[in-house]
Amino acid sequence: MDEPAREPSQRDYHHPAAGWGAAVSVAKVLAHQHEIPNGPKIILKMNHEDGGFDCPGCAWPDDRKGLRMDICENGIKHSTWEMTPKRVGREFFAAHSVAELSGWSDFALEDAGRLTEPMVYDPATDHYVPISWADAFALVGRTLRGLDSPNRAAFYTSGRLGNEASFLYQWFVREYGTNNFPDCSNMCHEASGVALHASIGTNKGTVDLTDWESTEALILLGVNAASNAPRMLTYLAKAYRRGAMIVHVNPMIEAAATRTIVPHEIVDMALFQTTRTSTLNVQPRIGGDAALLRGVAKALLEAERTDPAAIDRLFLERHTQGFDEYRAACEATPWDEIVRQSGVPERQIRLVAKIYRRARAAIIGWCLGVTQQEHGVDTIREIMNVLLLRGNIGREGAGPCPIRGHSNVQGNRTCGIDHHPTEAFLDRLAAACHFTPPREPGLDVVGTLDAMHDGGVRVFVGMGGNFALATPDRAYAFEALRRCDLTVQVSTKLNRSHLVHGAQALILPCVSRTEKDYQATGVQAITVEDSMSMVHLSIGLKEPAASTLLSEPAIIAGMARASLPDSGTPWADLVGDYDLIRDYMAHTLDGFEDFNRQVRQPLGFRIRQPARERVFLTGSGRAEFSVAPLTDVIPADGRLMLSTVRSHDQFNTTIYSADDRYRGVKNLRTLLFMNRADMADRELAEFDRIDITSIARDGSRRTAYGYLAVAYDLPPGCAVGYMPELNVLCAIGDFSTQSRQPLMKHIAVEVTKATPR
Ligand SMILES: Nc1nc2c(c(=O)[nH]1)N[C@H]1C(S)=C(S)[C@@H](COP(=O)(O)OP(=O)(O)OC[C@H]3O[C@@H](n4cnc5c(=O)[nH]c(N)nc54)[C@H](O)[C@@H]3O)O[C@H]1N2
Ligand SMILES: Nc1nc2c(c(=O)[nH]1)N[C@H]1C(S)=C(S)[C@@H](COP(=O)(O)OP(=O)(O)OC[C@H]3O[C@@H](n4cnc5c(=O)[nH]c(N)nc54)[C@H](O)[C@@H]3O)O[C@H]1N2
Ligand SMILES: [Mo]
């Protein structure tokens, strides 16, 4: 079922980000999905201020100034991917056994089309066969009720789930009796939540788009914005034109760090007019950010000797705790260590510090390049330290800006998807929803995999996502899923997690965000929260892919009624009218008072953010400096540090093509970007076949065979390849001790010429 193999190639990309390259790429995807007649009409309603659906792609906020159309190339790809006319129904499953489908590529599985009806695995024939919704729910209920403890089940959430479904899901699961909520955040921005909470008493960023429009300096670490948050390009271009300084910190110089054609500006498109999107590109070694930031702080403190305005004394005295210790830590860290660990020359670090010092207001933004590291929490706390030094929080144009991933991953947490909920949240939930939630913390992603592996968890429910591929340690994850008594996947498209299943398995297909959600009181709207804490409505516009689909809230309620026969919760009423769910949310969630009215304002509403008002809900009531020592991030002799990233043509585990336009790659995913000198050391020529072996902390080794070496502008000692394929190399035990995030961007590897196999 694979597409015919085409010759792989790589050439440096010299065109601006977005612009015509993006337009051509969109046209190809639309053509592939046969959506040309219908797609554009629907797409124009995406992220619309008065109606329409929220883009199911990334979590970058919508333009708040009434721009009628705020869309990007990749948003169009994600939406049309859901809108495909292809269908996967009972005939499809009758024609293909699970063993046969297991031989298909991940691309081919999703490309088969939208799932249409509930299916159950039949071990006698190795085929999925149809099952009624009632019987499917009964199977879930029977199995969950049969477990000796509710903690024998785990309930995964992927970040597309809307707020109402998230709230209902955590209600069902907690009423059932467990806090086992592994979610994609555990692999994504867990470190940001932990660090921000310790530093400023909130687990979210504090800036919004108006701050982006007025800031004088933007420092962006570890994000590939042109591919993963393309709507940010417009803001980078606007900032550059205003004269703001933009510093990109990334071992790779990504497309967003060069220039762009602003997609909305038709004249720019027509004239190929480009705007620069970068003042300075800094290429640290993988994991070198903490040292770089320590250098920036050290330079600031040195500058203060002659320029008292280099730091904001008044802010430090009034609002922070621990400055003296931090200053001492900076003074005690020698420059040569900073330079060695960051991989950045002192002169360049001082230049970053100068840019930062000269800006009256600065934003520091970051994504996975920072979070998926052993010391991700320390690094984000160092980001906060640097911001605090100049009082860059709680005023216009300034503050921390974690760039979130999935379109509603931030909303999931807000609505209670949290394996470690606070007592205060559980108290309010108990009072508002009239049941007794469990108090014992639950399992996260790594904990769930371990528990499934050793028999502690017997039932896995996946609310979206692709747990089998997204999680670390492929072989271990597959075994964990296969050891379950029951796996339940609520999905829109066929994926690997349906084929790597428990003794019993269900596929429950759902209505997608682009589609109308019909319930007893009419078509329902859902809400989502973006990266900058704005909550707004999303209404699907297309007819559902099949009349047999149910919405996510309806599936959750169906499982709840079957599992909790004595529940006093009005499950059917809640599903009949999502306003009712929102009423319960208003009583439970901080900042959601009068939710139904607030969210119906034209642009929705912003969740209160105390740190934005310089109210710090930490133990001391002040923003807290941290004083972590620099850790050694340099790979041992003969080894490289590998970071796994997304290509331009994928959304997490969904692969649209084997191209990666901005990195100049065609028809190739099994590659390893390497520094030329590291290739020469290993006597490797361009496109030589290699084996990549990771060395885990416990000494265990895992190998990816037959990859191709590709020379790329990367610091020495660094290597980059694609997720999710390279999850074969992530060891289950290698997660951050600070955040429990798997180390997906910090994998020690050895690279050798491929041995013929
Ligand atoms: N089109 C599209 N959009 C997406 C997604 C998608 O798959 N496709 N995924 C969504 C999700 S869930 C998320 S979380 C986000 C992810 O958005 P990103 O964080 O941009 O995702 P990655 O592709 O993993 O890229 C990480 C970047 O970090 C850099 N990097 C690697 N190691 C280091 C390091 O040690 N230091 C620094 N400073 N940089 C480093 C890499 O070179 C790369 O540019 O995007 C979201 N948006
Ligand atoms: N090595 C490595 N691994 C990583 C990462 C990395 O950088 N490196 N990144 C990690 C990160 S940041 C994340 S967020 C995770 C992502 O992990 P997941 O969220 O688990 O994975 P996705 O690929 O986003 O899930 C895609 C599937 O979701 C289903 N789906 C799509 N839309 C809907 C919907 O509306 N409703 C429902 N119910 N299902 C839907 C489809 O069936 C599709 O196959 O991966 C993590 N894994
Ligand atoms: Mo993510």
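No experiment lies behind these values; they were computed from the predicted model shown. Numbering of ligands and ligand atoms starts at 1, following listing order.
- The aromatic rings of F155 and Y169 sit perpendicular to each other, their planes meeting at more than 60°, with 30° as the lower class boundary.
- For the pair L220 and L236, the minimum side-chain heavy-atom distance is below 4.5 Å.
- Under 4.0 Å from any atom of ligand 2, one finds heavy atoms of residues E110, Y156, S158, R160, C184, M187, C188, L368, Q372, H406, G464, G465, N466, A470, V490, S491, T492, K493, N495, C510, E552, T644, R646, F651, N652, T653, M723, N727, M744, K745.
- Near G287, meaning under 4.0 Å from any of its heavy atoms, are these atoms of ligand 1: 34 (C), 35 (O).
- For the pair H648/N224, no side-chain contact is recorded, criterion being any heavy-atom separation below 4.5 Å from C-beta on.
- In this structure F181 satisfies the ring-ring contact (aromatic ring centres under 6.0 Å, His included) test with no other residue, sequence neighbours excluded.
- Ligand 1 has no atom lying under 4.0 Å from any heavy atom of V370.
- Between K86 and E110 there is no salt bridge, since no side-chain N of the basic residue sits under 4.0 Å from a carboxylate O of the acidic one.
- For ligand 1, the atoms closer than 4.0 angstrom to any heavy atom of D289 are 34 (C), 35 (O), 36 (N), 37 (C), 38 (N).
- Atoms of ligand 1 found under 4.0 Å from any heavy atom of V249, numbered from 1 in the order shown, are 38 (N).
- Which parts of ligand 1 touch S227 is read off a 4.0 Å heavy-atom cut-off, strictly below it: atoms 1 (N), 2 (C), 3 (N).
- Both the sub-6.0 Å distance and the 45° axial angle are not jointly satisfied by R702 relative to the ring of Y476.
- T414 places a side-chain heavy atom less than 4.5 Å from the side chain of K204.
- Ring planes of F673 and Y722: perpendicular class, angle over 60° (limits at 30 and 60°).
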